Each structure stands twice: as structure tokens, then as C-alpha cells.
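Reading through the C-alpha cells given below for one structure.
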Amino acid sequence: MVKDRETIKNAHRIVVKVGTSLLTYDTGKLNLAWIEKLVRVLSDLHNQGKEVILVSSGAIGVGMAKIGMSAKPDSISGKQAMAAIGQSMLMHEYDKMFSEYGKVTAQILITKDVLIEKIKKKNAKNTFKALLDYGVIPVVNENDTVATDEIEVGEIGDNDTLSAIVAKITEADLLILLTDIEGLYTDDPRRNAHAKLIHEVLSISEEIENGAHGAGTDRGTGGMRTKLSAAKIVTCKGIPMVIISGRNPKNIYKVIDGEDIGTIFLPKKEDRDERSDAKSQ
């Protein structure tokens, strides 16, 4: 066990982000077996008394698969239509699977105005708090049916960044990003067999940023660059972030047990202390 990871064992409020490449097959249809495993793990964490927030991608891809579309529409309105179709199906599956473990879910769709307007931001924060107090598991996505930020890569831009913002406004104790590789590497391991996994990041250097690449699959909108952006957002607020392979959702247990898995981004001591002081007030 790595000493700096021991504090994660005490994490109470946890944000977990999952990407399209894990949620769906190459056909674009939902990987129901994988989602079922994820839901079981998150429900089990909830049974332990932890608060869980799920940030989920996948709406556009699921919508495309539902109507048999093989390529993303070129128009913004077409992509928004696919998001509208896919989001309802995605949320239906989450709600059905979580309910099998006695859990209640709530859908939260966010647009960037919620994050830049003080009153809307406060309302969102209060809503999250109320849901968590009621023992509900919020399921969050960017509202692609009315917002174009993720579609066009704008202000929010992707669900890695969205998950970091959610962790920030909910004052989470930990952010876990589930992806299709083991963590952050010195280079793209798909292209460079000599790339090495970076186990711990104390500060995001220029060298680390230069080694990051964009989306790993045609179905994703993010990539390692967006994950580094997410790390910057949360660590400056004293929140650690871990990138792990999500192919086996049980890896989440290993993170919380403090095992040396994936890549952990640690806040600076002064940021941890500031967060601790703020929580104690």
C-alpha cells in the first residue's frame, strides 16, 4: 500500500466517471454485462455508507445504435437528437439495474450556465446535497439536447471535465475516472510499446502534458488531455483523482483500499490543508 493513498480509504463522497468506450460495444449498443457489474460495485459502496455520484457518458452513441445509425450526424441538431434518444434509454437501464439493489437514482443534466451563474450553481449544489441526504445516487451527464459544449468541445467540453466540476461543487472526497487503459503513461501505450505507467503525479509538468493524447476511440470525446484538465480542477481544491482501467469495475475497490493501481493525482499539501480547514468550519 502506498502511504499517500491511505487517505483515500476514508473517502466518504465519491464521484465516479465512466466513458462511452466502456459503456458500449463497437456496435454502439450498451454493454449490459459491464454496466451490471459497475452498478453492483457502486451499490455495494453505497451500502457501506459512502455517498456515490455517477457521471456517465454514452447518450449520443446509444441513440445512434437505437435507430441503427453507424456514423455520427454532421449537424449539431442531429447529434442533439441522438443524445435525446440515447439519454432516456441510458437512464432507464441505470434506474432499472440500481433498483435491483434497492437503490434510487436521480438524473441530473448540466449545462455550462449552471457553472458560471452563481444562483444556478448554488441551486445545483443544494440539489446534489438534498439528493445525497435522501440516500439517492445522482447520475449526471451534460445536457447535450440543449447544450453544444461537449458536442463542439466548448466550455465544459467533455465528461472528464464535467466530473471534475461535479466533484468540485459537491465537495467530494475523491474522483475516480474509469477508462479503457490502466492509467496515465509516459506516452500512448497503444502506439508506443515502451510507454510506462505513471503511478503518482504530484504536479502536472510540461513533460506529462506532452505525453498525453486525445480520444482513444471513435466513440469517445475525451482522452488523456481532458483527464489532465480534470486533475487540475480537483487537485487545486484538495481533492485527489485516480485514473484506472474500468474494464473490471471491481478495480474501484482496490482504489478505495489504497492499493497501488492506476495513476493517482495528489493535491499539494497546502490545498489539502485548505480543504480540511474549510470542511471543519
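On a predicted model such as this, the values are computed, not experimentally measured, just so you know. By convention here, the first residue in the shown sequence is residue 1.
Salt-bridge check for Lys9 with Asp257: failed, with every basic side-chain N at 4.0 Å or more from each acidic carboxylate O. Taking the charged nitrogens against the carboxylate oxygens, Lys129 and Asp133 do have a contact shorter than 4.0 Å, which makes a salt bridge.
In the model, Ser56 has no side-chain atom that pairs as donor or acceptor with a side-chain atom of Asn141 under 3.5 Å. Between the side chains of Tyr101 and Asp44, no donor N or O sits under 3.5 Å from an acceptor N or O.
Within the 3.5 Å criterion, the main-chain N or O of Pro267 finds no donor-acceptor partner in the side chain of Thr235. The backbone N or O of Thr170 sits nowhere less than 3.5 Å from a side-chain atom of Lys125 that would complete a donor-acceptor pair. A distance-only check finds a donor-acceptor pair linking the side chain of Asp173 to the backbone of Arg13 [under 3.5 Å]. Not one N or O on the side chain of Asn159 forms a donor-acceptor pair closer than 3.5 Å with the backbone of Leu162. No donor-acceptor pair under 3.5 Å is formed between the side chain of Thr24 and the backbone N or O of Ser21. Side-chain atoms of Arg247 come within 3.5 Å of backbone N or O of Asp180 as a donor-acceptor pair. Looking at Thr263, its side chain does come within 3.5 Å of a backbone N or O of Ile198 through a donor-acceptor pair. A donor-acceptor contact shorter than 3.5 Å links the side chain of Ser75 to the backbone of Gly78. Side chain of Asn31 to main chain of Leu23: no donor-acceptor pair is present (N/O by atom type, distance under 3.5 Å, no hydrogens or angles). The closest donor-acceptor contact from the side chain of His46 to the backbone of Val41 lies at 3.5 Å or more, if one exists at all.
The shortest side-chain heavy-atom distance between Lys37 and Lys250 does not fall under the 4.5 Å cut-off. Counting heavy atoms from C-beta outward, Leu184 and Val201 have side chains that approach closer than 4.5 Å. With a 4.5 Å cut-off on side-chain heavy atoms, Asp95 and Val104 do not count as touching. Looking at heavy atoms from C-beta onward, Phe265 lies out of side-chain contact with Pro240 at the 4.5 angstrom threshold. Looking at Ile208 and Leu228, their side chains come closer than 4.5 Å, going by heavy atoms from C-beta outward. Counting heavy atoms from C-beta outward, Val18 and Val55 have side chains that stay 4.5 Å or more apart. For the pair Val15 and Leu174, the minimum side-chain heavy-atom distance is 4.5 Å or more. Using a 4.5 Å heavy-atom cutoff, the side chains of Ile256 and Ile14 are in contact.
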Check: How far apart are the C-alpha atoms of Lys29 and Lys66, what are their side-chain angles, what is the distance that settles it, and do they pass the side chain to side chain contact (heavy atoms under 4.5 Å, CB included) test?
Finding: CA-CA 7 Å; Lys29 294 184 181 296; Lys66 176 109 181 192; over 6 Å; no
Notebook entry, point to check: Does the side chain to side chain contact (heavy atoms under 4.5 Å, CB included) test come out yes or no for Ile252 and Leu45, once each step is laid out?
Noted result: CA-CA 9 Å; Ile252 294 173; Leu45 292 179; 3.8 Å; yes
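The CE atom of Met91 lies 5.5 Å from the CD atom of Gln107; values are rounded to the nearest 0.5 Å. Within the model, atoms NZ of Lys227 and CZ of Arg225 stand 12.5 Å from one another, a figure rounded to the nearest 0.5 Å. Taking CG of Leu30 as the reference point, atom NE2 of His92 lies at 10.5 Å (rounded to 0.5 Å). The distance from atom CD1 of Ile60 to atom CG of Leu90, rounded to the nearest 0.5 Å, is 12.0 Å. Distance check, rounded to the nearest 0.5 Å: OG of Ser88 to CD of Glu93 gives 10.5 Å. In this structure, NE2 on His199 lies 5.5 Å from CG on Asp260, to the nearest 0.5 angstrom.
Cluster annotation: Ile165 and Ile119 are assigned to distinct hydrophobic clusters (Ile/Leu/Val/Met/Phe/Trp/Tyr, side-chain heavy-atom contacts under 4.5 Å, transitive).
Of all non-hydrogen atoms in Ile108 and Ile110, the two that sit nearest each other are CG2-CG1, 3.8 Å.
Atom NZ of Lys168 sits in a sparse spot, with 12 or fewer heavy atoms from other residues, nucleotides or ligands closer than 6.0 Å. The number of heavy atoms from other shown groups lying within 6.0 Å of CG (Asn126) is above 12.
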